[in-house]
Each structure stands twice: as structure tokens, then as C-alpha cells.
Q: 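My structure is below; once you've seen it, I'll send some questions.
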Amino acid sequence: MSPGTKRARPFTTGEDCYVEAGESRAMELAALHESAQAMTSTLHLPAVLETIADRAVKLIGAERCVVFELDALDDCLHLRATEGLSSSETLGAVRLGQGAALSAALGRAPFFMPDVEIQPLPMSDGRWPDAGAAMGEVVRRLGCRAALGVPFVSREAVLGAVCVYWDQPHVYDEREVRLLTGLAQYAAIAIENARLHEESQRRLGETAALLKIAEILNSQLDPDSVLKEIARRTAQVLGFERCSVFLWSDGRLQPAMSQFADGRAVPELWAAFKSIARYRAEEIPALAEAIRRAAPVLVSDADVSPLVPAWWVETFSLKTVLVVPLIRQGAVVGALHLDKTDPASVGDHQLALAMTIATQVALAVDTARHYAEERKRAAELAALLEITRESTSTLELKPLLKQIAQRTARALDMERCSINLWRGGHLVPIMSQYADGHHDPALWQKFKGMAAQHVEDVPAHAQAIRTKQPVPVEDALNSDLLERYWVDAFGIRAALVVPLIAKDEVIGTMTVDDARGPRYWSTAHADLAMTIAAQVALSVENARLYDESQRARADLQGKNAELDTFVYSVSHDLKAPLVTIQGMAGLLLKEYGPQLPEEAARYLGRIQANTEKMERLIADLLALSRIGREARAPAAVSLGEVVDDVAAGLASAMRERGVRMIRGDLPTVWGIRTHIEQVMGNLLGNAVKYLGDAVEASVEVGTVDRGTLVECYVRDNGIGIDPAYHERIFEVFQRLQEVEVDGTGVGLAIVRKIVQASGGRIWVESVKGQGATFRFTWPKEPANGPHSRS
Ligand code: ADP
């Protein structure tokens with residue numbers, strides 16, 4: 001019990017009156033309390049308002065009650081609940097200030113009218129469109145005579161009003177006003193609660209939607225499916241029929257995804273959507289505007305808005321359009337285009353939600369874009385790799401350029417690729433190919449017919465050559481870069497011309513073109529074309545160098561053959577006079593020997609020795625010049641047999657010098673036997689000759705397997721060779737003359753020529769004073785493999 005109730009009250013003669021008042025106050029409170037309970041037991045607003053109407057009639061004893069809710073959007077009071085009115089007596093929105101309830105709402109205070117016949121309600125002559133009559137008339141028709149209206153106010157804001165009506169004139173009663181005000185207060189709280197509940201329910205829904213979107217984003221789906229799911233969800237959550245996603249890069253819009261909220265697929269619409277590929281944003285101003293301002297753009301009636309072009313409205317039959325920019329790290333990366341077929345308003349919360357979703361979608365778009373870019377890069381790289389691989393696998397220019405041209409057209413998604421060289425400013429058509437590989441002989445003739453055109457007649461090419469940069473022609477019909485006759489002749493609608501640069505010089509141009517329509521060129525495309533062009537230039541240059549070296553080789557071969565013939569005929573011609581000199585000297589010595597003074601006989605001996613030496617020299621030179629003109633056919637030769645034969649020839653020299661000969665197992669090789677004999681004879685002969693005064697002199701012959709070749713070595717522990725002369729000793733007439741031994745200086749030249757002619761190589765490993773090891777490689781089998789022998 002509260003202390004106040006304990007305190008004695010000062011009763012007077014009017015005590016009954018107090019008691020009565022107290023009782024009625026208690027009843028009032030109890031009634032209000034009970035109403036409050038009824039109202040707060042539900043969060044459903046219509047039910048709350050019904051309860052208010054019901055309680056108001058019962059507590060006040062009026063015949064009718066109407067509850068109005070104020071809608072902030074149209075600033076009108078809307079009838080929400082009634083008591084004592086039949087359902088046919090429908091009343092709609094009322095402007096603020098009209099009638100009793102509405103005057104109460106406007107004045108934020110109770111409004112009482114004792115008898116409308118004496119004093120009509122405010123503005124009761126005003127039309128009440130929903131009721132189809134003036135308000136006064138409606139009130140009369142309902143049979144209302146008196147009215148009391150009370151506003152619902154919560155936190156300074158009028159939320160609505162409740163009004164009771166009596167069928168008879170009524171006297172102002174403070175109690176009734178208090179009761180209705182009390183009810184209205186509870187009602188205000190209930191409305192607030194219901195609205196908060198509604199708001200939190202909505203937020204919950206939105207949060208769930210955002211969560212779902214986040215979930216999709218984090219899923220393992222591929223970027224395309226992610227975009228698809230997100231577009232559909234976004235349309236659903238924001239209450240639109242369709243949601244489309246555009247990517248924005250390089251100042252162009254690219255359609256990425258379009259989905260209906262209900263998930264239906266309309267192939268024609270999808271095709272129309274995709275066909276707007278690579279258009280400038282200005283063509284759809286709503287998109288351009290949203291991107292430019294980085295803010296949402298709402299079009300509530302596309303039919304009359306300049307922001308949506310007629311063709312867009314017609315194609316996609318839309319009425320309400322909301323474009324929300326997709327912003328990632330401060331930059332616009334795309335836009336969401338939401339639309340529906342009926343006009344609709346979009347509330348602030350919906351806009352805010354759209355922006356929140358857009359940040360999520362921006363992330364997805366970014367990922368999708370990176371993914372797509374990576375995929376494209378990978379495809380381009382594969383094409384480039386293929387082109388490079390082909391370029392290095394063949395030196396034949398024509399088939400190579402054909403392949404490259406086809407691949408380039410395909411990699412850049414163009415119909416054709418042509419390669420021209422420019423010589424002295426004039427065109428030399430080299431290659432023109434369709435991406436799909438089909439031939440058009442007439443067009444090829446036309447292309448060839450352009451030969452000798454001057455570069456200045458084709459501005460795009462002239463520019464590519466001058467600037468050494470790619471020249472894009474986005475719309476050939478509206479460009480000065482290609483002459484009209486050129487465009488017409490080849491049906492070009494879009495093209496890209498890149499220079500072919502070799503050693504800093506522009507040698508030609510590569511052009512990709514397309515007849516299907518204008519085409520937008522990204523820097524990535526141009527870069528790819530430039531990279532391929534560099535490869536083409538390299539191939540052209542390589543082919544030219546190869547041609548040149550082939551010519552030089554043929555030249556050299558001719559000269560060598562000439563030289564060999566010369567050496568052969570000279571040595572041959574020298575042989576005859578030499579034989580005569582030798583013969584004469586012999587005769588002189590034989591016939592006049594005894595008569596000759598001693599000195600003259602010594603001179604003759606010198607002549608004989610030198611002519612012998614000269615004979616050996618001529619024989620060696622003849623042997624040298626004969627290599628390569630060998631008529632004999634190669635065959636399998638046992639290296640062991642050859643070495644044994646040679647060693648037998650050297651046996652007496654080796655015995656004299658006390659040389660130990662070491663030889664392991666030696667394999668069979670493929671070649672002309674006399675050649676192999678010459679090689680082994682020279683190497684072994686030298687090994688013995690240049691032993692010097694080595695103690696425990698030894699000569700070793702062995703082999704190492706080197707796959708198709710055998711590496712043979714001849715090692716001695718003789719005087720060795722200074723590394724400075726390792727190359728020189730293989731040249732003709734090069735002798736080191738470290739020791740006094742006979743020789744012509746031709747032996748190793750013969751050996752090298754033979755080894756090289758068989759496809760092998762020869763070298764020496766040695767340090768002066770520490771012996772020498774000569775190594776050479778020799779084929780084990782015929783060049784085409786063991787089976788080509790037969
Ligand atoms: P030569 O008729 O002088 O032997 P070669 O062409 O066979 O001519 O050899 C050239 C020169 O290489 C020789 O004069 C010699 O100086 C050097 N040479 C060749 N083989 C050996 C070796 N096994 N040891 C040291 N020097 C060698």
C-alpha cells in the first residue's frame with residue numbers, strides 16, 4: 001500500500017462527491033489499464049487500432065468511433081479502424097485539419113463539437129473524395145451530432161487521431177476527454193511499438209538478405225554463378241522484377257548479368273541485353289548519371305524520363321528504374337540496374353539497402369572481372385605461346401605466317417588478320433587469313449591488288465609506322481584512318497593496325513579487321529597485338545637472316561670446292577716436275593757420283609731430301625683436298641682393327657723408343673675406313689713423334705660412349721702443347737717445332753677435316769710438358785639410324 005492511501009483525507013459535506021469522483025477515477029484507470037493490456041498484447045497494428053476504437057465507444061458511451069493514422073508520405077489521415085460504422089460506410093484519406101479528429105491532429109489537442117447542426121465541423125463543406133460527398137454531408141448521413149477528437153502524439157510527432165461521435169448533441173465532459181486522451185496515449189505507444197516492430201522485422205529481413213548475399217559471395221561458385229545468384233537475390237530483396245549488372249571499365253559499359261527475381265529465363269531478352277556490349281554509357285543516361293555522380297538514380301516513370309531512352313524502354317518493357325553504382329575502393333566498377341514494369345516509389349530505406357547490397361555486389365563484380373581477365377589473359381598467353389612455339393619450330397616463313405595470322409585473328413576475336421611489309425614506303429602484301437581458316441580467292445586477289453600502294457594512301461598504316469604504336473579503328477565508317485575505297489573493298493567495320501618492328505625499324509604492319517560491326521579496343525588487346533607483331537617481325541627477320549646465311553653457306557661451299565680443286569690440280573701438277581727433279585738428282589748421283597766433289601754430292605743429297613719432303617707435302621695436300629670428294633661408301637668399321645693396323649705400322653718406331661701401347665675394347669663405328677685410318681694414323685703417329693724424352697713413354701687409345709656418337713681419345717705422356725696453340729695446330733702448315741722431328745704441318749688439318757665431314761668435332765686437352773690427349777667424336781650408326789644401312 002502506498003503511503004498516500006494511509007493518510008486521512010479531510011472529508012466535508014461534499015464527501016460523497018469525492019468518493020464518487022475517486023471511484024470513477026479508479027474505474028477509468030482500471031479501464032484504461034485493461035485497454036492498455038489489450039493493446040500491448042499484440043504487435044499487430046490493425047488489431048491495436050481496432051481495440052482502441054472498441055474501447056473508446058465502450059468507455060465513453062458514444063455510438064461511433066474512427067481511428068486515423070497519419071501517413072507522413074502524403075500528409076493525410078487514413079482511416080484504420082472503426083466501431084459503430086457499417087462496412088458500407090467506408091471513409092478514406094482525410095486531409096489534416098478536416099473534421100474533428102483531424103482538427104485535433106492538426107492542433108495537437110482535443111477537439112470537441114457539441115452539436116454539428118449548430119456549428120458544423122471545420123471544413124465540413126470540403127470534398128471527401130473517397131466518400132463521394134462533402135464531409136458535412138457524410139457526417140449528417142451517418143447521423144452524427146456531436147464529436148470529440150484526440151490526437152496520438154509520440155515524441156513530438158502526431159501519429160494519428162481517434163474520434164468518437166454521438167447521435168445526439170453532447171455536453172463537454174472532462175472525464176471523457178481524459179479517457180480518450182489516455183487511450184490515445186496508449187495507442188501512440190502501441191503504434192510506435194508496432195512500427196518499431198515492423199521496422200525491426202524489415203531490418204531483420206534485410207539483414208537476412210545481406211547475409212544470404214554474403215554467403216553467395218563466399219561460396220565456391222564460379223564468378224558467373226555468383227553474379228547470377230546475387231542479381232536474382234537483389235531483385236527479390238529490393239522488390240524489383242529484374243536486376244542487371246553492368247561492368248564499367250575504360251569508359252565503357254559491359255553487360256555482365258541480368259536476372260528476373262522469379263528466376264525465369266527469357267533468351268531473347270538475354271540476347272538483347274548482351275548485344276549492347278561495349279556501348280558508351282551515355283547511350284543510357286540513367287546509367288551514365290549514376291556512374292558520373294557515384295550515387296543512385298531513380299526513374300519512377302521511364303516513359304517520360306529523358307534518363308531512359310525509348311529503345312531501352314521498348315526492348316526491356318520497364319517503367320520504374322533504379323540504377324545504383326557499384327563502388328570499389330573509391331572507384332565506380334559497374335552499376336546495378338533494377339527495374340519493374342509498374343510505377344513504384346522507392347523509400348529511403350530501400351535506397352540505403354540498395355547501396356549496401358551494391359557494395360557487396362561491387363566485390364563480386366571485382367572478383368568476376370579479375371577472374372574473367374585472368375581467363376582471357378590465359379587464353380591470349382596460350383595463343384602467344386603457341387605462336388612463339390611455332391615461330392621457333394620452323395624457319396619456313398609462309399606456313400608460319402599463315403598460322404600466326406589465323407591464331408592472331410582468333411585470339412583477338414576478329415575475322416581476319418593480314419600481314420604487309422612496307423618496302424620504300426610501298427605495300428608488299430604477304431599474308432591474309434580468316435580466323436576460321438576459310439579461303440576467299442577473290443578477296444586475296446584484291447588484297448594482292450593493293451600491292452605497291454603508297455603508305456600515305458592508308459593513313460592508319462602510315463600512323464602505325466610513324467608512331468610505332470597500335471592504331472585502333474573503332475568504327476571504320478566514321479573514321480579518317482582508313483580510306484573509303486579500302487573500307488568498301490574489304491568490308492571493314494573495325495580494325496587494329498600494329499607496326500612490325502625489327503631492330504627498331506618498322507618493316508611492316510599487321511592488321512586485324514572485322515566486318516561484323518564497330519569494335520572497341522582495350523589497351524590489353526592492343527598490347528597483345530603488339531606482342532604478336534613483335535614475334536611476327538622476329539620471324540620475318542629470322543627468315544631473312546636464314547635465307548642470307550643459306551646463301552652465304554652455298555657461296556662458301558662453292559668457294560671451298562673451287563679451292564680444293566685448285567689445291568688438287570696444283571699438287572698434281574707439282575708432282576710431275578718433282579718426280580723429274582728427283583729422277584735427275586738420282587741419275588746425277590748414280591752416274592757422276594764418284595766424279596763429283598764431296599761438297600757437290602752433299603748438295604745433291606740435300607736436294608733429294610727436300611724433294612722427298614716436298615713429295616710428302618704434296619701427298620698430304622692431295623689427301624686434304626680429296627676429303628669430301630670421296631667416292632667410297634661409308635660402312636661399319638671396327639675401330640680396334642684400324643688401331644691395331646696403325647700400331648703395327650708404328651711398331652718398330654715404338655719398339656725403338658720403348659713405348660707402351662695401351663688400348664681397351666674399341667667399338668665399331670660408321671664411316672669410310674681409309675678416313676678412320678688417316679685419323680688414327682695421324683694421331684697415333686703424332687703421339688709417338690712428340691713423346692720427347694719422357695720416361696716410361698706410353699700411348700693410350702680408348703673411347704667413351706656418347707649416345708649416337710663415340711668419343712675417342714689418343715693420349716700420350718710426351719711434350720704436351722701450350723693451350724695458346726690448341727686451336728692453331730689444326731690449321732694447315734702450323735707446326736710448333738718444339739722438337740726436331742719430321743712433319744709437314746698438314747696432318748691435324750686432315751684429321752679435323754675428316755672428323756668434321758663425318759659430323760663430329762675434335763679438340764685437344766693438354767698442358768705444356770705434361771702430355772697431350774686428342775679427343776674426337778665419331779658416329780656409331782648411319783645418320784638416319786641403324787636401319788637405314790640396308
Ligand atoms: P706435323 O706434321 O708437324 O706433325 P700435324 O698437323 O700433325 O703436323 O701437327 C701440328 C703440330 O701440332 C705439330 O707440329 C706439333 O707441334 C703439334 N702436335 C701434334 N701432335 C702432338 C702431340 N701429340 N704432342 C705434342 N705436340 C703435338
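Numbering of ligands and ligand atoms starts at 1, following listing order. One-based numbering along the sequence shown.
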Q: Give me the nearest non-hydrogen protein atom to atom 21 (C) of ligand 1 as residue plus atom name, then the distance to 0.1 Å.
A: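 Sorting protein heavy atoms by distance from atom 21 (C) of ligand 1 puts Tyr690 CD1, 3.4 Å first.
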Q: So does Glu731 pair up with Arg728, basic N to acidic O under 4.0 Å?
A: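 No, this pair does not count.
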Q: Verify the neighbour count for atom CD of Glu548: are there more than 12 heavy atoms of other residues, nucleotides or ligands below 6.0 Å?
A: yes
Q: In terms of atom number and element, which parts of ligand 1 are under 4.0 angstrom from non-hydrogen atoms of Gln734?
A: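 So the answer, numbered in order with elements, is 10 (C), 11 (C).
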Q: Is Tyr725 in contact with ligand 1, taking contact as a heavy-atom separation below 4.0 Å?
A: no
Q: Heavy-atom distances under 4.0 Å are what count here, so tell me which part of Lys689 touches ligand 1: side chain, backbone, both or neither.
A: side chain
Q: Give the residue, atom name and distance (to 0.1 Å) of the protein heavy atom nearest atom 12 (O) of ligand 1.
A: Ile729 CG2, 3.4 Å
Q: Between Arg715 and Thr773, do the side chains contain a donor N or O and an acceptor N or O under 3.5 Å apart?
A: yes
Q: Looking only at heavy atoms of Asn682, does any of them come nearer than 4.0 Å to an atom of ligand 1?
A: no
Q: Arg735 versus ligand 1: do any nitrogen or oxygen atoms come within less than 3.5 Å of each other?
A: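 Such a contact does occur with ligand 1.
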Q: Are any of the N or O atoms of Ile721 closer than 3.5 Å to those of ligand 1?
A: no
Q: Please determine if Leu736 has a nitrogen or oxygen closer than 3.5 Å to a nitrogen or oxygen of ligand 1.
A: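 Yes, at least one N or O pair falls under 3.5 Å.
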Q: Got an N/O contact under 3.5 Å between Asp742 and ligand 1?
A: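 For ligand 1, there is no N or O atom that lies under 3.5 Å from one belonging to Asp742.
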Q: Out of the candidates Thr703, Thr668, Asp705, Thr708, only one should pair with Lys780 under the side chain to side chain donor-acceptor pair (under 3.5 Å) rule; please name it.
A: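 The passing option is Asp705.
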Q: Between Phe730 and ligand 1, which part of the residue brings a heavy atom under 4.0 Å of the ligand: side chain, backbone, both or neither?
A: neither
Q: Among Arg410, Met414, Arg416, Gln406, whose side-chain contact (heavy atoms from CB on, under 4.5 Å) with Tyr434 holds?
A: Arg416
Q: Considering heavy atoms of the protein only, find what lies nearest to atom 6 (O) of ligand 1 and give residue, atom and distance to 0.1 Å.
A: Leu748 N, 2.8 Å
Q: Which atoms of ligand 1 sit under 4.0 Å from any heavy atom of Ile719?
A: 25 (C)
Q: With a heavy-atom distance limit of 4.0 Å, tell me whether Asp716 approaches ligand 1 through its side chain, its backbone, both, or neither.
A: side chain
Q: Near Gly745, which atoms of ligand 1 are under 4.0 Å from a heavy atom of that residue?
A: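 Close to Gly745: 1 (P), 2 (O), 3 (O), 6 (O), 8 (O).
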Q: For ligand 1, which atoms have a heavy atom of Gly743 less than 4.0 angstrom away?
A: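 Near Gly743, the atoms of ligand 1 are 2 (O).
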